[in-house]
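In this text, all values refer to a predicted model and were calculated from it rather than measured experimentally.
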Amino acid sequence: MSFFQRNPILLDEATVAEQLRRGRQAKNITLAEAAKRLKIRAYYLEALEKAQYHSLPTGVYGRNFVREYALFLGIDSRRLLAQFGRETNYKPSSDKDLFERKIVSRSSLIVLPQLLRNAIIGFLITACLVYLVFLLQRIFEPPMLVISYPPDNFTTSDINLVIQGQSEPETDIKINGQNVLADNQGNFDREVYLQQGINVIIVTSEKKYSRTATVTKQVLVK
């Protein structure tokens, strides 16, 4: 015969709390053991045995504890639930009452932190991608190149002309294909020799892996 065979215990004169407590003691089961087998907190089982019903979840959950505990102890659960309703004046009138204090699972409690964590991770990934694109643009974009002299469409009678300008440091600067040295700030100047008529001067600057920056000047020698 099973130790937990359901033998109805008829204790109509006793309260729900007394019936549950006596039923457990008759089975020689501790609260901790009952809680473990039922997967209900010992706190709630103790509240049931002491008639501290205000400590139970309201609505259907408190009644479920009574039913499960009664079935576990072999007590007539329908009769006990009816008596529990009379003792607590329980009258479910709406779904809101039934689920007024729904027990929230741990997985539900961590949804918001997970969403927040995912949002932060998504933001960091996006920021890293934007920064990477920015770095790639900086690597491949042509360097700054400004020719301060001569101005556009310059006319002169001198066959010697000094080209002055500025680019970024550590760039490869050329005037009509000839390398030009620049200082640490990227400033450079180079004398060129002109011929009668229109002279086309092409100044280029580039960094490693970058596109080439080009400035073209036309100088007329009369």
Is a donor on one side and an acceptor on the other found under 3.5 Å between the side chain of Gln218 and the backbone of Val200?
->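 Absent.
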Please confirm whether the backbone N or O of Met144 pairs with a side-chain atom of Ser167, one donor and one acceptor, at under 3.5 Å?
->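 Yes; at least one donor-acceptor contact below 3.5 Å.
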Got [X] and [Y] here, is their nearest side-chain heavy-atom distance under 4.5 Å?
X: Leu161; Y: Ile163; answer: yes
X: Glu191; Y: Asn160; answer: yes
X: Pro143; Y: Ser210; answer: yes
X: Glu33; Y: Lys36; answer: no
X: Tyr69; Y: Leu80; answer: no
X: Arg117; Y: Leu115; answer: no
X: Ile159; Y: Gln195; answer: no
X: Val203; Y: Leu145; answer: yes

What pair of heavy atoms forms the shortest contact from [X] to [Y], and how long is it?
X: Arg67; Y: Ser77; value: CG-CB, 3.9 Å
X: Ser55; Y: Ala47; value: CB-CB, 4.0 Å
X: Val16; Y: Glu87; value: N-OE2, 3.1 Å
X: Asp158; Y: Thr156; value: N-OG1, 3.0 Å
X: Ile40; Y: Ala35; value: O-CB, 3.0 Å
X: Arg24; Y: Glu49; value: NE-OE2, 2.6 Å

Can you tell me how far [atom2] of [Y] sits from [atom1] of [X], rounded to the nearest 0.5 angstrom?
X: Thr171; Y: Phe188; atom1: OG1; atom2: CZ; value: 8.0 Å
X: Leu220; Y: Thr155; atom1: CG; atom2: OG1; value: 4.5 Å
X: Asp172; Y: Lys208; atom1: CG; atom2: NZ; value: 13.0 Å
X: Ile147; Y: Gln164; atom1: CD1; atom2: CD; value: 10.0 Å
X: Asn179; Y: Ile173; atom1: CG; atom2: CD1; value: 9.5 Å
X: Asn176; Y: Lys174; atom1: CG; atom2: NZ; value: 12.0 Å

Using 4.0 Å as the upper bound for N to carboxylate O, is an ion pair formed by Glu206 and Arg211?
->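 Answer for the salt bridge query: no.
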With side chain to side chain contact (heavy atoms under 4.5 Å, CB included) as the test, would you mind laying out the steps for Thr204 and Ile175 before giving the verdict?
-> CA-CA 7 Å; Thr204 61; Ile175 297 178; over 6 Å; no
For Leu20, which of Leu45, Thr15, Leu48 qualifies under side-chain contact (heavy atoms from CB on, under 4.5 Å)?
->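 Single pass found, and it is Leu48.
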Do [X] and [Y] sit in the same hydrophobic cluster, where Ile, Leu, Val, Met, Phe, Trp and Tyr count as joined when their side-chain heavy atoms come under 4.5 Å apart?
X: Leu124; Y: Ile121; result: no
X: Phe123; Y: Leu116; result: yes
X: Ile202; Y: Val146; result: no
X: Leu132; Y: Tyr209; result: yes
X: Leu31; Y: Leu73; result: yes

Test log, rule ring-ring contact (aromatic ring centres under 6.0 Å, His included), inputs Tyr53 and Phe84 | CA-CA 10 Å; Tyr53 303 138; Phe84 179 75; 5.0 Å; yes
Can Asp76 and Arg78 be said to form a side chain to side chain contact (heavy atoms under 4.5 Å, CB included), step by step?
-> CA-CA 6 Å; Asp76 185 344; Arg78 291 187 178 181; 3.8 Å; yes
Could you go step by step and tell me if Glu170 and Lys207 meet the salt bridge (Lys or Arg N to Asp or Glu O under 4.0 Å) rule?
-> CA-CA 7 Å; Glu170 301 181 359; Lys207 298 180 293 185; over 6 Å; no
Residue pair Asn199, Val221: steps toward the side chain to side chain contact (heavy atoms under 4.5 Å, CB included) verdict = CA-CA 8 Å; Asn199 295 262; Val221 179; 3.5 Å; yes
Step through it carefully: locate the ring centre of Tyr149, locate the ring centre of Phe154, and say whether they are under 6.0 Å apart.
->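 Between Phe154 and Tyr149, which both carry aromatic rings, the centre distance is below 6.0 Å.
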More than 12 non-hydrogen atoms from neighbouring residues, nucleotides or ligands closer than 6.0 Å to CG on Asn118, yes or no?
->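 Correct, the count exceeds 12.
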Pair Gln83, Gln19: side-chain N/O donor-acceptor within cut-off below 3.5 Å =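 Gln83 vs Gln19: donor-acceptor pair found between side chains.
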